[in-house]
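Read through the structure below, which is laid out as structure tokens, and then see the notes.
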Amino acid sequence: MSASQEQIDNLIQKEYKPGFVTDLEADTLPPGLNEDVIRAISARKNEPPFMLAWRLKAYQQWLTMREPDWAYLDYQAIDYNSISYYSAPKVKEAPKSLNEVDPKLIETYKKLGIPLHEQERLAGVAVDAVFDSVSVATTFKDKLKEAGVIFCSFSEAVHTHPELIQQYLGSVVPPSDNFFAALNAAVFSDGSFVFIPKGVRCPMELSTYFRINAANTGQFERTLIIAEENTHVSYLEGCTAPMRDENQLHAAVVELIALDHAEIKYSTVQNWYPGDEEGRGGIYNFVTKRGDCRGHHAKISWTQVETGSAITWKYPSCILRGDHSIGEFYSVAVSNHRQQADTGTKMIHVGKNTKSTIISKGISAGRAENTYRGQVKILPGAINARNYTQCDSLLIGPKCGAHTFPYIEVKEPTARLEHEATTAKISEDQLFFCQQRGLSAEDAVSMIVNGFCKQVFKELPMEFAVEAQALLGISLEGSVG
Amino acid sequence: MLSIQNLEAKADEQAILKGISLDIKPGEVHAIMGPNGSGKSTLSNSLAGREGYQVTHGSVTYEGKDLLAMKPEERAREGIFLAFQYPVEIPGVSNIYLLKAALNAIRKHHGQTEVDAMDFLQLVKAKIKSLSLDEQFLYRGVNEGFSGGEKKRNEILQMAILEPRLCILDETDSGLDIDALKIVADGVNALRSPTRSFIMVTHYQRLLDYIKPDVVHVLAQGRIVKSGGPELALELEARGYGWIDPSLNH
Ligand SMILES: Nc1ncnc2c1ncn2[C@@H]1O[C@H](COP(=O)(O)OP(=O)(O)OP(=O)(O)O)[C@@H](O)[C@H]1O
Ligand SMILES: [Mg+2]
């Protein structure tokens with residue numbers, strides 16, 4: 001191995017920063033899953049009977065389902081009875097303002113650089129912080145209220161807007177959709193709820209930071225975003241988790257609904273603990289994210305930067321039901337050491353003149369495996385449907401892998417599809433060239449990786465673009481063109 | 001400026017340079033000629049500190065410092081510039097971004113502040129014009145899809161912006177058409193100064209008509225077998241390498 005290979009190795013062996021545990025008293029259910037556990041979760045959240053019935057039905061379905069094994073992933077079987085399904089920080093009463101929030105919690109966010117108090121950085125962004133399973137702080141509520149936007153924790157929405165929950169919950173991702181979706185439906189603890197009423201342009205970016213804290217707690221978030229006719233909303237989701245030895249399961253569900261002329265932009269930066277160099281520990285991330293362009297001229301855009309987790313199983317998708325609706329998927333997935341990522345998207349074209357764009361950038365380093373798995377399905381009657389897919393892979397070092405599995409199913413003769421795929425390697429020639437121009441190898445790798453991801457980064461809202469660059473150790477400054 | 005003493009180097013366990021000594025004073029232009037495979041690029045790469053080229057013997061002193069002890073990027077920041085025989089492509093990284101990052105890395109090394117964005121743009125636009133390259137090349141990926149001649153001119157652009165003190169040009173003239181050769185030579189001549197030195201690796205006397213060298217060396221089988229004035233290049237052009245050492249007859 002030449003020295004520059006060693007340099008590359010050093011660069012990708014940086015330690016995970018957010019590795020600390022906040023010492024809080026937690027109200028945690030004993031490990032195991034059965035109907036009593038589900039009843040206990042529902043009772044603790046004081047849920048109306050329709051929710052408990054929905055959960056129990058999902059649980060019955062889950063019992064008949066099998067964990068999927070088709071992904072390019074290799075991990076130890078998960079023992080679902082060794083997981084605790086509910087953990088909430090103990091607080092005497094629900095906090096009404098930031099001042100009432102446990103200072104230790106705020107401290108935790110500070111260490112992560114999450115700007116609950118640093119309002120300069122996130123000026124204009126409402127933060128609904130989910131700590132383990134319970135929402136602890138919500139800001140900017142008043143401004144949103146004025147606009148008629150509802151942005152609150154899922155458990156709150158169940159009480160304040162049960163009719164919306166009943167109408168939309170599970171209408172995009174039904175519990176029967178897949179094993180992890182069913183599990184989530186049965187045991188989900190909290191999440192975010194967004195409702196944008198007809199004709200409203202949400203006055204600020206909505207943002208949620210998730211964080212897994214208590215040991216052995218699976219986290220099951222559920223997010224529901226409804227954008228009525230002629231609306232626009234941009235939602236940011238950020239996730240970090242402290243370091244753990246045991247694998248932690250995360251199975252979230254996100255449902256988006258866009259009616260006529262509604263636009264939803266959903267952005268994620270995910271840097272959960274990926275495990276150590278030998279692949280010990282790390283988060284197992286099995287997520288179902290799907291958007292439904294239910295109205296005509298609706299648009300749903302997913303942008304994700306995935307740098308964390310030991311296992312990633314995630315396919316944010318769009319159902320393009322309304323005529324002229326648009327689906328977009330922009331993704332950067334980075335995996336190093338022994339991380340495994342199997343991620344991509346599904347674009348289901350149902351309506352006429354529907355259009356989808358898929359831009360996927362996979363980066364693997366160390367001994368990691370990075371898989372793009374994408375499906376484009378054009379149903380009969382989706383006249384003039386169009387899809388453009390571009391999948392690029394970048395390999396850093398000789399021991400990692402990149403795989404691309406595009407599935408294309410076209411049942412409509414007027415459809416037009418384009419697919420491009422490339423695989424590149426950061427070569428020693430490129431590194432030496434940069435060094436000969438005065439750049440350190442580290443800066444050179446950053447610069448090359450950054451250039452590779454540019455197409456996706458420019459889709460991120462500003463605040464997130466900054467975080468994404470920081471995550472990749474990159475400075476975008478001056479990178480025009 | 002640069003003093004090479006008995007330099008021996010190997011690549012891939014194979015001895016390539018077998019004792020090279022060379023002294024370059026500030027402001028001098030040294031041409032290095034020699035048959036294919038004689039070690040010219042190996043010498044250039046060894047001076048720039050490329051991985052895989054292992055110096056096994058000898059020393060190199062650059063401006064009073066031990067050059068061989070420095071990392072490649074330190075050598076670059078200290079003013080050594082290598083214009084590559086085969087410039088590499090870096091898709092996605094814009095040319096102007098690389099130029100700015102490189103210039104700032106060098107400035108930082110010398111305790112200077114980052115370059116002002118407006119000043120930089122003006123500087124780059126002036127230089128690129130003098131090399132007859134369109135401004136759009138600034139915003140394309142580094143060398144991405146550039147023609148052979150455009151890549152070579154791009155190397156000279158970088159050299160003009162970074163203002164190194166020792167410029168090593170490895171066959172920058174190869175693959176250039178007659179007009180481009182003139183443009184590149186003008187670019188190099190514009191950079192000549194009493195404090196800046198050049199090592200020019202070339203196969204062709206033609207280049208030396210435009211850039212007049214002080215000394216011409218012939219490298220063969222890892223050794224400098226002959227040195228002389230500009231007239232040596234003319235003689236090589238007329239007679240080939242065989243008359244210096246009959247073993248060099250192909
Ligand atoms: N990295 C390497 N590994 C193995 N052999 C090498 C390496 N680099 C150079 N060589 C060998 O060393 C010898 C000298 O190569 P070098 O590139 O220095 O020649 P050159 O004088 O620049 O030739 P040209 O005029 O063709 O550019 C050649 O035989 C070449 O194959
Ligand atoms: Mg050569």
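Throughout, a chain's letter reflects where its sequence line sits, starting with A, and its residues are numbered from 1. Reckoned from all heavy atoms, side chains included, excluding hydrogens, waters and symmetry mates.
Using a 4.5 Å heavy-atom threshold, the side chains of A:L439 and B:L98 count as touching. Side-chain atoms of B:P91 and A:T422, non-hydrogen and from C-beta on, never get closer than 4.5 Å to each other.
Within the 4.5 angstrom heavy-atom criterion, atoms from both the backbone and the side chain of B:I90 approach chain A. Residue contact with chain A, scored on non-hydrogen atoms closer than 4.5 Å, is absent for B:R75. For chain A, no part of B:E78 is nearby; none of its heavy atoms comes within less than 4.5 Å.
Using modelled atom types, one side-chain atom of A:Q436 and one backbone atom of B:I80 make a donor-acceptor pair closer than 3.5 Å. A:R437 places no side-chain N or O within donor-acceptor distance of the main-chain N or O of B:A102, the cut-off being under 3.5 Å.
Summarising the geometry, atom CG belonging to A:D429 is positioned 12.0 Å from atom CD belonging to B:E51; distances are rounded to the nearest 0.5 Å. We find the CZ-CD distance between A:F433 and B:E89 to be 11.0 Å, quoted to the nearest 0.5 Å. Here the straight-line distance linking atom CD of B:E74 with atom OG of A:S440 works out to 11.0 Å at 0.5 Å rounding.
Atom NZ of B:K151 has more than 12 heavy atoms from other residues, nucleotides or ligands within 6.0 Å.
For A:N387, the side-chain hydrogen bond (donor to acceptor under 3.5 Å, both in side chains) partners at least two apart in sequence or on another chain are A:S356, A:T389. Contacts of A:R416 classified as side-chain contact (heavy atoms from CB on, under 4.5 Å), with partners at least two apart in sequence or in another chain: A:R386. Remark: A:S234 engages A:E205 in a side-chain hydrogen bond (donor to acceptor under 3.5 Å, both in side chains) (not counting sequence neighbours).
Looking at every heavy atom in both residues, B:G49 comes nearest to A:F432 through C-CE1, 4.0 Å. When every heavy atom of A:G438 is checked against every heavy atom of B:A105, the shortest pair comes out as O-CB, 3.3 Å.
Among residues 81-88 of chain B, the residues having any heavy atom closer than 4.5 Å to a heavy atom of chain A are, in sequence order, B:F81, B:L82, B:A83, B:F84, B:V88.
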